[in-house]
Amino acid sequence: MIKEKKKFADLVAQIEPEALNNPKWYKIKVLALAALSYLYIFLVLLLLVFLLLISIPILMQIKNAYVIFKILIPFLLMFYFIVSSLWVTIPPPKGFEIKLEDAPQLFECLEEIRSKLKSPVIHTVQLTGEFNAGVVQVPRLGIFGWQKNYLLLGLPLLYLLTPEQFKAVIAHEFGHLSEAHGRWGNWIYRVRQTWSQLEMAFARSNALGSFLFRYFIQWYSPYFSAFSFVWARQNEYQADRFMVEIAGKKTALEALSLLPVGNAFMHEEFEKFFNMEMIKSSLPEKGFLLGLEKECKKFRNSERARQVTNRDCLLNSNLYDVHPSLKDRVHALGGTSSESSFKEPDNGKLSAARHYFENKYDSLIEKLEIWWGKLICKIWSDSHKAHCLNKAKFEESENRLSKGEKLDFGSMYDRAVFIERTQGVDFALPEYERLYSERSNYSLTNYELGRIKCGKNDPAGVDFLRRAIELDESFALNATNILYNFHLDRGEIEEAELILHRSDLFAEAFELAKKERNILLPENEFLPPELEKKSLEFIQGILSGFKPVSEVFLVRKKVQHFPNRPCFVMAVVTTYPWITLKTSPEDEDLRIANSVLQKIIAGAPLTKSPNEYWIIQIAKADSAWMKKKFMKIKGSKIYPVAIDNTIHN
């Protein structure tokens, strides 16, 4: 992953000087590269027509209908495969659709901005749960275009912005597709978006002829994205100027300053709010979105909002994101850091949601709650059930403590997590400190203490997080993300950038480790499991609950990436009675494998590390090498329990 990002950044760095020094020649190259994609489609279609044309004279000379049919089949199949691959579909975005009658003033505002900027017609307006707004174009004819335009409006965005700031954001989004943006600039923007969507669509496509386009897109889409990066960034600046044209400079700067505030709210408070709501009831209660509105307003007026905006005003643009930094966007509009600093809204100001939904607000939010509730009801219900179980465990631990009993480490940890989720981090901190005093050399206790202290702007948290990474690399990605934000909040930009680079290195290493652990080959080297007796007995107890399981072998795969984190491989041999199963043996094997794996993961604290990798395979005739190889490894046969479990020949 980091190699691809570096390759992309290096390519952009090479192109950028040419784009600045010779913009006309650069634009000609970008336009030619954009045209190449359509030329490729034309050549494939030309091939299709050619195949059909050459088949006609051949068929006309043959009198035997059966022979004609046999010759025609390959041509018809090729025709079908190519056409089916061309008609790849891109799924529409998922959101709650708003109709004109639901919010007439909103549609009036959107039409006013659209007509001023000469943007294409919006076919569907949807509400989402994100802090974002954007126009998504879904080509109804796949590669051939004919766009259907969706405007996505995040409800948190409507809650955080004033009506004027909302107009500025919409002007930016409409500006990307505006004729005023320039015919070619608009086209390049659409080509970038379309081929990015098609790259994902073809990756999912199972059509046999899709290989004709899949490999071309895999090469073309990243290369075109890098080559048109400078143009795309210039389009972002141009879209910002449309904000000023529609809403004025002051409002445009205010709207830009609120973008990092909204992102911070989504990362820091959004999930926390929903977790607290899920605790209250088994299904979403009426009015939970009104609670979200209050949380948005509270966060907007908080000191944290000012801190986030001031922090982002220090960051420079990078070559990984086409969007410029807040600092550079403000500067491009002729603003200063003081002008972009966050200002509290007037107390009398309505949010964009209240203003544009008007007297339809209550009924629209009620409809949205019903739609959203159906969408997340299972997650909500499962979370509430988990909370009830955790509450019962907590009450049991309280009862045991009142009797003077000592809790084991697992119960103490569950108690700390429950207190944090229900009472807040300040009440949970003493519990985590007690856990650390019990196991100061344990990755989990170091991570939790470091996470909380960094969140409270305590520099001591840095050492705890670094220690957690040393003890267990599985905490690296989360820990580096916390450290990155910690240094940003303190204005330590250089340290934050170093942490970001480390995070990229860890992400790449984890990706390689995941690939290495997901592949099993006869030439791999396997080692004895070396599990603690308690862990081994726990797994054997799980296996005894599955009657079709006749033999089980457990080994460790020798790995290069993160060798200190064991990769366990379990071969499960199954035998079934001669009577017919309700499902196929293959389906039953899959069910057993999944059930065993879930139970092992659920009991992970019993093992040496709480984050071990497990791979479970059903040993069949086609994987006989597995059983044969595992039998030679000392201590590999763990079920049924043998008196002498040493070397099996």
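In this chain, residues are counted from 1 in sequence order.
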[X] [atom1] to [Y] [atom2] distance, which is reported to the nearest 0.5 Å:
X: Tyr159; Y: Glu293; atom1: OH; atom2: CD; answer: 4.5 Å
X: Leu290; Y: Glu295; atom1: CG; atom2: CD; answer: 12.5 Å
X: Ser317; Y: Leu326; atom1: OG; atom2: CG; answer: 9.5 Å
X: Arg241; Y: Met243; atom1: CZ; atom2: CE; answer: 12.5 Å
X: Phe288; Y: Phe274; atom1: CZ; atom2: CZ; answer: 5.5 Å
X: Gln307; Y: Thr309; atom1: CD; atom2: OG1; answer: 10.0 Å

Going by heavy atoms in the side chains, are [X] and [Y] under 4.5 Å from each other?
X: Val261; Y: Leu258; answer: yes
X: Phe8; Y: Phe229; answer: yes
X: Arg354; Y: Ser351; answer: yes
X: Phe96; Y: Thr128; answer: no
X: Pro284; Y: Glu277; answer: no
X: Trp372; Y: Leu289; answer: yes
X: Val125; Y: Phe107; answer: yes
X: Leu127; Y: Ile98; answer: yes

Give the ring-plane orientation class for [X] versus [Y], where under 30° counts as parallel, over 60° as perpendicular and anything between as tilted.
X: Trp231; Y: Tyr26; answer: tilted
X: His172; Y: His176; answer: perpendicular
X: Phe216; Y: Tyr40; answer: parallel
X: Phe166; Y: Tyr356; answer: tilted

Within 6.0 angstrom of [X] [atom1], more than 12 heavy atoms from elsewhere:
X: Gln423; atom1: CD; answer: yes
X: Phe427; atom1: CZ; answer: no
X: His384; atom1: NE2; answer: yes
X: Trp371; atom1: CH2; answer: yes
X: His123; atom1: NE2; answer: yes
X: Glu271; atom1: CD; answer: no
X: Ile379; atom1: CD1; answer: no

Please confirm whether the backbone N or O of [Y] pairs with a side-chain atom of [X], one donor and one acceptor, at under 3.5 Å?
X: Ser302; Y: Phe299; result: yes
X: Ser257; Y: Glu254; result: yes
X: Thr251; Y: Gly248; result: no
X: Glu369; Y: Gly287; result: yes
X: Gln165; Y: Thr162; result: yes
X: Asp328; Y: Pro324; result: no
X: Asn132; Y: Gly154; result: no
X: Ser381; Y: Cys377; result: no

Looking only at side chains, do Glu366 and Ser363 share a donor and an acceptor under 3.5 Å apart?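 There is no such pair (donor and acceptor under 3.5 Å, judged by atom type) between the side chains of Glu366 and Ser363.
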Test item: side-chain donor near acceptor, Gln126 and Glu97, under 3.5 Å: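 There is no such pair between these side chains.
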Assess whether side-chain contact (heavy atoms from CB on, under 4.5 Å) is satisfied between Phe265 and Arg304, documenting all intermediate values. CA-CA 9 Å; Phe265 173 78; Arg304 177 61 178 159; over 6 Å; no
Mind running salt bridge (Lys or Arg N to Asp or Glu O under 4.0 Å) on Asp489 and Arg311 for me, showing each step along the way? CA-CA 6 Å; Asp489 289 341; Arg311 176 191 79 181; 2.9 Å; yes
So which heavy atom on [X] is nearest to which on [Y], and how close?
X: Leu117; Y: Gly175; answer: CD1-N, 4.0 Å
X: Gln137; Y: Leu177; answer: OE1-CD2, 3.7 Å
X: Ala133; Y: Leu157; answer: CB-CD2, 3.6 Å
X: Ala226; Y: Val12; answer: O-CG2, 3.7 Å
X: Phe270; Y: Pro156; answer: CE1-CG, 4.3 Å
X: Leu283; Y: Trp380; answer: C-NE1, 3.5 Å

Is there a salt bridge (Lys or Arg N to Asp or Glu O under 4.0 Å) between Lys29 and Glu18 once you walk through the steps? CA-CA 11 Å; Lys29 285 185 175 181; Glu18 180 185 351; 3.0 Å; yes
NZ/NE/NH1/NH2 to OD/OE distance under 4.0 Å, [X] and [Y]:
X: Glu268; Y: Lys272; value: no
X: Glu245; Y: Lys116; value: no
X: Glu164; Y: Lys167; value: no

Could I get the full list of side-chain hydrogen bond (donor to acceptor under 3.5 Å, both in side chains) partners for Lys327, not counting sequence neighbours?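 For Lys327 the side-chain hydrogen bond (donor to acceptor under 3.5 Å, both in side chains) partners, ignoring immediate neighbours, are Asn316.
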Please report, to 0.1 Å, the donor-acceptor pairs under 3.5 Å made by any side chain of residues 477-487, with sequence neighbours excluded.
{"unit_1": "Thr480", "atom_1": "OG1", "unit_2": "Ala476", "atom_2": "O", "d": "2.7"}
{"unit_1": "Thr480", "atom_1": "OG1", "unit_2": "Leu477", "atom_2": "O", "d": "3.0"}
{"unit_1": "Thr480", "atom_1": "OG1", "unit_2": "Ser503", "atom_2": "OG", "d": "3.4"}
{"unit_1": "Asn485", "atom_1": "ND2", "unit_2": "Asn481", "atom_2": "O", "d": "3.0"}
{"unit_1": "His487", "atom_1": "ND1", "unit_2": "Glu492", "atom_2": "OE1", "d": "2.6"}

Assess the residue pair Thr422 and His387 against the criterion (side-chain contact (heavy atoms from CB on, under 4.5 Å)); give the C-alpha distance rounded to whole Å, side-chain angles, the decisive distance to 0.1 Å, and a yes or no. CA-CA 10 Å; Thr422 55; His387 166 72; 3.9 Å; yes
Could you walk me through whether Arg329 and Ser325 satisfy the side-chain contact (heavy atoms from CB on, under 4.5 Å) test, starting with their C-alpha distance in whole Å, then the side-chain angles of each, then the deciding distance to 0.1 Å, before giving a yes or no? CA-CA 6 Å; Arg329 294 174 80 172; Ser325 68; over 6 Å; no
Checking side-chain contact (heavy atoms from CB on, under 4.5 Å) for the pair Leu153/Leu106: CA distance, chi angles, key distance, verdict? CA-CA 11 Å; Leu153 302 175; Leu106 172 65; 4.1 Å; yes
Qualifying residue for side chain to side chain contact (heavy atoms under 4.5 Å, CB included) with Tyr361, from Ile365, Leu364, Asn359: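 Going through Ile365, Leu364, Asn359 one by one, the side chain to side chain contact (heavy atoms under 4.5 Å, CB included) with Tyr361 is satisfied by Ile365 alone.
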